[in-house]
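All of these numbers come straight from a predicted model, not from anything done at the bench. Lettering of chains follows the sequences in order, A, B, ..., and the numbering in each one begins at 1.
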Amino acid sequence: MSSDSSYYVPESSKLPIFMAFGLLLFVLGAGSTINDLGKESSNSYILLMTSFAVIWGVMFVWFSNVINENNKGMYSDQLNQSFVWGMAWFIFSEVMFFFAFFLALGYVRMFSVPWLGGEGEKAITNILWPAFEATWPVMVTPDNETFPGAEKNMNMPGITKLHTWLPFWNTLCLVTSSGTIALAEAALKKGKRAAFKSWMVVTISLGFIFVFLQGLEYYEAYAHMGLTLGAGIYGTTFFLLTGFHGFHVCLGAIILTIMTIRGFGGAFSEHDHFGLAAGSWYWHFVDVVWILLVLVVYVF
Amino acid sequence: MSAVIEGHHDDHHHGPAKGITRWLYTTNHKDIGSLYLWFSFIMLFIGGAMAMVIRAELFEPGSQIVSPEFYNQMVTNHGLIMVFGVIMPAFVGLANWLIPMQIGAPDMALPRLNNLSFWILPAAFGVLLATFFMEGGAPNFGWTFYAPLSTEYAPPTVTYFIFAVHIMGASSIMGSINVITTILNMRAPGMTLMKMPLFVWSWLITAYLLIAVMPVLAGAVTMMLMDIHFGTSFFKAGGGGDPVLFQHIFWFFGHPEVYIMILPAFGIVSHIIETFSRKPIFGYDSMVYAIASIALLSFVVWAHHMFTVGMPIAGELFFMYSTMLIAIPTGVKVFNWLSTMFKGSLTFETPMLFAIAFVALFTIGGLSGLMLAIAPADFQYHDTYFVVAHFHYVLVPGALFSIIAAVYYWLPKWTGYMYDEFMGKTHFWLSFVSVNLTFFPMHFVGLAGMPRRIPDYAMQFADYNMIVSVGAFLFGLSQLLFLYVVLKAIIYGKKATGQVWEGAKGLEWTLDSPPAYHTFETPPNLEAGEAKG
Amino acid sequence: MTPGVNAIAQEIFGLHMTIFWICVVIGALVLGFMVFLIIKYRKKEGVDPADFDDNPKLELTWTILFAVILVGMAIPATTTMIKAYDDEEGDINILITGHQWKWQYEYMEDEVSFFSNLLTSLDARNNIAPKTENYLLEVDEPLVIPVNKRVRFLITANDVIHSWWVPDFAVKQDAIPGFINTAWTYVDEPGVYRGQCTELCGVYHGYMPIVVKAVSDSEYKDFIQGKRDLKAQQALLTEKLWETDELFAIGEEVYLKNCVACHQVNGAGIPPVFPALAGSEIVMNDKGRQVEILMEGVQGAAMQSYAEQLTEVEIAAVITYTRKAWGNDAGGDGEIVVPKEILDYKNNKL
Ligand code: HEA
Ligand code: HEA
Ligand code: CUA
Ligand SMILES: [Cu+2]
């Protein structure tokens with residue numbers, strides 16, 4: 001908890017400039033790696049890996065510094081409030097990132113696919129694609145040679161077969177884990193550290209099970225269902241939405257793992273556990289996105 | 001935990017570090033503000049030099065100095081640099097300098113993040129400019145980078161462009177989080193929201209806009225990346241996607257983006273007009289509501305850039321009406337500025353001249369915007385120089401003039417030195433005349449039917465284009481004078497007083513000029529006083 | 001702005017003028033008032049500024065006033081919009097396809113199709129030859145439409161987005177690959193109407209003009225008949241025995257018209273985007289592949305299929321030309337391609 005009432009402004013810091021340098025390497029590394037995809041020999045991935053090393057390294061030092069400063073009591077209540085706002089608006093920006101992809105899905109489902117298939121106000125477009133019929137999911141694409149549609153889709157198979165449907169188990173994992181992390185936080189606030197730790201472990205395990213199941217689903221999609229990134233707009237939106245979500249689950253799980261390790265190391269008190277709280281908000285956010293996603297990607 | 005920490009109280013009170021590391025490692029909002037402003041100034045010269053190439057090519061019909069391919073690269077990078085490298089960083093720089101001083105905070109809320117937000121920008125623009133020297137040449141698909149020209153048909157450097165946009169977006173988002181947090185959390189006691197200076201208000205709302213739309217832009221470029229390299233079909237009809245989807249996503253970002261480039265200007269101009277009218281701002285409350293309504297409306301007007309893509313008629317009408325509505329809050333602002341001047345005691349120092357020119361010329365740009373909003377008429381205006389005239393009127397004598405005005409207005413505060421008033425006024429008059437010479441005739445060539453983004457044009461557009469080019473060269477040269485005035489003030493300027501301007505109100509004027517390296521380490525208490533901006 | 005040549009264009013012009021004058025008046029009032037303020041309230045010694053800072057009634061008044069003006073503008077705009085968007089079938093339906101960087105016109109009822117290229121010479125563009133009146137606004141084959149008929153355009157694109165604009169008709173519609181937009185016109189005055197592509201579509205976006213010739217009904221019928229006869233004639237030409245020189249001469253013409261934009265007059269291209277043909281391995285030694293490239297285009301590159309744009313003779317000729325010109329025949333196998341081969345290629349595919 002804070003002991004100092006003045007607002008702590010570090011005099012200077014080397015961290016940001018190193019981070020910016022890491023990002024510069026990242027842009028160059030990612031750009032050249034991707035441009036060199038398919039080339040026989042290319043070393044650009046080394047640049048990309050270096051940039052990750054720099055970025056993760058700086059992050060590690062940065063967060064350690066913040067934790068140390070907090071432990072030394074350099075942070076006032078006001079400063080802690082700044083972290084709260086900062087995290088809240090960061091999550092909002094993530095919401096807007098997902099919004100772009102939901103917008104894309106909504107648009108293709110409401111407009112472009114029907115139009116291409118000869119429905120709605122621009123039905124005339126269909127004379128370019130006479131063979132195409134609008135259905136969702138799009139299993140046969142307008143130009144099915146270039147974008148061979150999937151053989152099977154991921155939609156919900158009906159209530160009775162729910163248990164055979166991976167996303168059902170995924171949803172169960174994620175929703176439960178949102179509950180368990182709340183329990184962990186509540187336990188911490190009451191000072192029950194043992195309960196806190198166990199709930200955290202449960203949460204993380206659920207998170208990783210989710211990631212595993214998602215991986216399994218992707219494997220199924222590629223190996224047995226012909227559902228790939230190149231499988232037209234259905235594959236495109238399916239993988240991009242679930243993929244970015246899965247990526248955020250991974251991030252969230254890593255954050256929570258770190259928090260748990262810190263928890264085992266004795267960090268966090270009943271009143272001062274912002275790192276954990278932030279991680280938990282992030283986790284709830286990931287959960288909410290998932291529920292929306294299940295509805296629009298898998299169910300309807 | 002109550003351990004007292006050694007050290008940190010001692011390093012609190014000395015001035016800045018020496019040498020280059022001061023700038024690399026700084027966490028001080030004033031330093032970072034200066035970095036942003038200088039960065040933006042340099043980019044203005046780079047982006048402006050590109051505009052000069054454009055104008056030289058268009059000086060006469062026929063191929064003049066560059067190839068069509070290079071011309072497209074010039075237009076694209078001119079647009080990108082001016083928008084993302086000049087106007088936005090300049091406003092962030094002003095926010096850094098002014099917000100803490102105007103709300104009585106010791107610094108920005110998250111100082112290290114602040115430094116990071118800045119240093120990302122040179123990296124991003126460094127990469128963008130480096131693409132000129134890479135295989136395939138720089139991006140050439142316009143600053144709006146419509147798919148599929150920017151995906152399947154783009155030069156390979158588009159990949160670098162995409163990642164540069166990503167980190168640029170990260171910079172803006174972090175910057176905005178900082179601004180919001182600072183404003184919500186660090187106001188001096190007694191400064192309620194409705195007592196905040198208008199510049200702070202305008203930035204609060206701008207920051208919300210940024211956080212809401214920059215991630216959407218990131219999403220758009222990510223989809224491009226996937227379409228180019230990983231076989232997805234967001235923007236390919238063959239797979240069931242739609243090139244027009246790109247435009248919807250882009251403009252969902254893009255339209256709020258143009259207001260991001262004008263709202264802080266509204267804030268600045270309000271302060272300057274108030275000061276030199278020696279009269280409180282007219283209709284403070286309605287000014288705040290107007291900014292907020294412009295921001296809200298900006299989310300539902302995006303497709304006015306797409307009247308010709310063949311939207312269903314319901315869409316055309318909806319976006320026409322919603323766009324027209326924006327004239328109301330904007331008109332309220334214009335009339336409030338005029339009413340502030342009404343019965344005031346006006347003097348015309350350089351900042352005031354630029355602010356008045358802002359109001360006058362922005363109104364012209366706004367009215368042409370309103371004409372563009374009329375969907376059936378836009379069939380004739382769209383993608384002609386009439387649009388180019390519109391947006392340069394709101395961006396150059398709009399956003400850019402407000403930034404220049406702000407620099408003249410606060411430069412004595414920042415540096416402690418007064419600029420040369422005569423040279424400042426000369427700069428103003430040269431800029432004012434040449435800016436109109438440059439952009440006014442564009443309305444005529446546009447209405448006569450000259451499309452934009454073309455390196456060569458039909459004979460009937462020749463005369464006006466020559467006038468435009470001459471105006472542009474003059475305007476460019478006038479900006480060299482600006483550089484001279486600023487440098488001269490810093491090097492040879494007269495000492496400025498703390499108050500600087502007779503009519504200026506607000507916390508920043510209670511400080512010395514230049515203010516100490518750290519200000520308001522203990523917040524001023526405003527419970528009694530009035531801090532309205 | 002041009003008043004246009006038909007009812008809808010004139011209506012849009014009228015709308016434009018109305019809005020324009022409203023804006024001018026508002027602008028003049030605002031600027032005039034401002035000048036008045038600047039003159040009247042300059043600082044004078046001994047005169048204190050007033051200190052009022054709001055006036056809710058006044059503010060409400062002008063807010064309402066703005067709303068009223070806007071409603072006044074929205075009403076005519078809406079009626080015009082609805083008329084412009086009328087989407088009924090036309091007497092004549094023309095499919096317009098934008099290509100990098102030319103337009104293709106297909107008369108859907110008559111199965112006639114042709115391409116329309118920029119006519120202005122490179123010399124004029126490079127300031128070597130003088131510029132004529134219609135500099136950059138002239139094409140080899142204009143679109144021909146009859147007067148007094150409802151003509152509907154179905155607009156699409158083959159590669160990137162283009163936009164088909166003829167100011168006199170007040171028609172500007174984006175040509176979007178994979179989708180069709182519609183627009184229509186009804187011209188009552190015969191004449192030549194010019195426009196340009198108005199959506200950035202790559203390097204030569206500035207060089208894809210549109211020319212529409214509105215003619216009387218009988219002239220229109222002749223035009224269609226002429227196009228059909230031409231098609232039949234060309235089919236015959238593939239049977240003829242061709243001399244290399246003959247092909248080379250035709251090929252040179254075709255090349256200068258269709259290929260120089262990218263591959264340049266001297267065949268050097270603009271690497272790395274547009275490869276050189278002079279000294280190209282394919283052009284010198286791989287006849288089969290070259291035919292394939294011309295017929296199919298290259299996926300994902302600006303090199304498109306010429307199978308539809310050029311006749312068999314022209315394709316054979318231009319290939320022959322490239323294989324002989326710029327020293328290619330010395331460096332390569334020097335084989336030529338005759339129209340029959342192209343026809344065979346086409347037939348094999350069917
Ligand atoms: C700072 C940036 C800025 C600002 C503030 C604006 C403000 C406005 N813009 Fe503009 N716009 C751009 C930047 C900006 N724009 C850019 C960059 C483009 C081109 C992008 C590209 O394609 O590259 C563009 C393009 C653009 C288009 C698309 C044109 C086309 O491509 O076909 C349209 C169409 O509706 C439009 C409309 C408007 C309107 C209605 C406003 C309104 O906000 C204006 C409101 C102001 C007033 C109306 C004047 C003051 C009011 C009064 C004095 C009150 C009385 C008036 C009445 C009641 C009428 N703009
Ligand atoms: C804030 C944004 C901003 C600003 C400030 C400007 C400033 C200028 N712009 Fe630009 N412009 C855009 C934003 C901006 N522009 C955008 C978004 C586009 C659309 C891009 C697209 O279509 O994708 C555009 C497009 C655009 C075009 C249309 C190109 C086309 O469609 O083909 C033109 C043409 O004249 C133009 C001209 C100018 C000129 C002359 C200036 C001048 O005001 C610049 C003045 C500044 C300087 C000149 C720099 C300072 C001085 C020097 C460098 C010294 C050297 C000087 C000399 C040698 C004389 N701009
Ligand atoms: Cu075709 Cu521009
Ligand atoms: Cu807009």
Side-chain angles (χ1 to χ4, degrees), chain B residues 61-63 68-69 72 135-136 142 146 148-149 152-153 237-238 243-244 278-280 282-283 286 308-310 313 316-317 320-321 324 327-328 331-332 334-335 338 341-347 360 363-364 367 370-371 374-377 379-380 382-383 447 449 451 453-456 458-459, chain C residues 1 12 15-16 19 23 26-27 30-31 33-34 37 41-43 47 49-51 53-54 59 62-63 66-67 70 74 77-78 80-81 84-85 125-127 131 133 135-137 159-161 163 167 170 172-174 176-179 181 196 198-206 272-273 300:
Chain B
S63 177
E69 169 63 18
N72 285 352
E135 186 185 322
Y146 284 2
L149 188 62
E152 287 161 272
Y153 295 83
V244 174
R278 295 171 179 73
K279 215 175 128 248
F282 182 87
S286 57
T308 62
V309 299
I313 188 155
E316 303 269 321
L317 291 176
M320 172 168 91
Y321 300 144
M324 292 172 75
I328 297 178
V332 166
V334 170
F335 278 45
L338 294 180
M341 288 164 68
F342 184 66
K343 294 204 171 163
S345 173
L346 308 180
T347 52
T363 302
I364 296 180
L367 291 170
L370 196 70
M371 293 174 67
I374 308 295
F379 288 178
Q380 295 287 47
H382 176 67
D383 264 344
L447 291 178
R453 294 169 167 171
I454 55 173
D456 194 359
M459 302 306 282
Chain C
M1 196 163 105
I12 288 179
L15 178 67
H16 156 74
I19 307 290
C23 286
I26 297 175
V30 170
L31 298 194
F33 188 56
M34 207 156 158
L37 292 173
Y41 297 110
R42 3 183 97 249
K43 183 175 177 184
V47 179
D51 66 351
D53 67 359
D54 63 354
E59 289 174 60
W62 66 51
T63 309
F66 297 157
L70 290 177
T78 308
T80 310
M81 188 69 222
Y85 243 56
R125 276 151 60 186
N126 290 329
N127 312 312
K131 299 185 174 55
E133 188 198 349
Y135 175 67
L136 292 185
L137 296 178
D159 32 48
V160 300
I161 301 179
S163 189
K172 183 185 285 154
Q173 273 296 312
D174 289 1
I176 295 166
F179 287 80
N181 279 328
Q196 276 176 277
T198 47
E199 182 62 61
L200 179 62
C201 51
V203 194
Y204 296 108
H205 157 63
V273 189

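- Taking the side chain to side chain donor-acceptor pair (under 3.5 Å) definition, one finds that C/E59 meets it with B/S286, sequence neighbours left out.
- Both the backbone and the side chain of C/L37 come within contact range of chain B, each with at least one heavy atom under 4.5 Å from a heavy atom of that chain.
- With respect to chain C, the highest number of heavy-atom pairs below 4.5 Å among B/A375, B/G310, B/S345 belongs to B/S345.
- B/L317 touches chain C through its side chain: at least one heavy atom from C-beta onward sits under 4.5 Å away, while N, CA, C and O do not.
- Comparing B/V334, B/I454, B/L149, B/T363 by how many heavy-atom pairs each has under 4.5 Å with chain C, the most go to B/L149.
- Note that CZ of C/R42 and CG of B/L346 are 8.0 Å apart. Values are rounded to the nearest 0.5 Å.
- Shown here are the side chain to side chain donor-acceptor pair (under 3.5 Å) partners of C/Y41, two or more places apart in sequence or in another chain: there are none.
- With rounding to the nearest 0.5 angstrom, the CD1 atom of C/I161 is 11.5 Å from the OG1 atom of C/T198.
- At a 4.5 Å heavy-atom cutoff, the contact between C/L31 and chain B is made by side-chain atoms alone.
- Interface remark: B/F335 contributes backbone and side-chain atoms alike to the contact with chain C (heavy atom separation under 4.5 Å).
- When all heavy atoms of C/Q196 and C/L137 are compared, the closest pair comes out as CG-CD2, 3.7 Å.
- Minimum heavy-atom separation, C/F66 to B/V332: CE1-N, 3.5 Å.
- For chain C, the nearby parts of B/E69 are the backbone and the side chain; heavy atoms of each come within less than 4.5 Å.
- Nearest heavy atoms, C/H205 versus B/R453: CD2-O, 3.1 Å.
- The minimum heavy-atom distance linking C/I12 with C/A170 is given by the pair CD1-CB, 3.9 Å.
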Go through the steps to decide whether B/M459 and C/E133 satisfy the test side-chain contact (heavy atoms from CB on, under 4.5 Å), and finish with yes or no. CA-CA 7 Å; B/M459 302 306 282; C/E133 188 198 349; over 6 Å; no
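- Counting heavy-atom pairs closer than 4.5 Å to chain C, the top residue among B/P148, B/G136, B/A377 is B/P148.
- When each of B/L370, B/L447, B/T347 is scored by its heavy-atom pairs under 4.5 Å with chain C, the top score falls to B/L447.
- Proximity to chain B (any heavy atom under 4.5 Å) is restricted, for C/F33, to the side chain, taken from C-beta onward.
- Only the side chain of B/N72 comes within less than 4.5 Å of a heavy atom of chain C; its backbone N, CA, C and O stay farther away.
- Only the side chain of C/A84 comes within contact range of chain B, judged by heavy atoms closer than 4.5 Å.
- Around NZ of B/K343, the count of heavy atoms belonging to other residues, nucleotides or ligands within 6.0 Å does not exceed 12.
- With a threshold of 4.5 angstrom between heavy atoms, C/E199 approaches chain B through its backbone and through its side chain.
- Interface check for chain C: of the options B/A458, B/G449, B/G344, the most heavy-atom pairs under 4.5 Å are formed by B/G344.
- Contact of B/I364 with chain C is made through the side chain alone, with heavy-atom distances under 4.5 Å.
- The two residues B/M324 and C/A74 have their closest heavy-atom pair at CE-N, 3.9 Å.
- Here the shortest heavy-atom pairing between B/P243 and C/I176 reads CG-CG2, 3.7 Å.
- Both the backbone and the side chain of C/D174 come within less than 4.5 Å of a heavy atom in chain B.
- For chain C, the nearby part of B/Y146 is the side chain; its heavy atoms alone come within less than 4.5 Å.
- Only the side chain of B/I374 has a heavy atom closer than 4.5 Å to any heavy atom of chain C.
- Of the listed residues (B/G331, B/A237, B/S63), the one with the most heavy-atom contacts under 4.5 Å to chain C is B/S63.
- Ranked by heavy-atom pairs shorter than 4.5 Å toward chain B, the options C/C23, C/S163, C/G206, C/C201 are led by C/C23.
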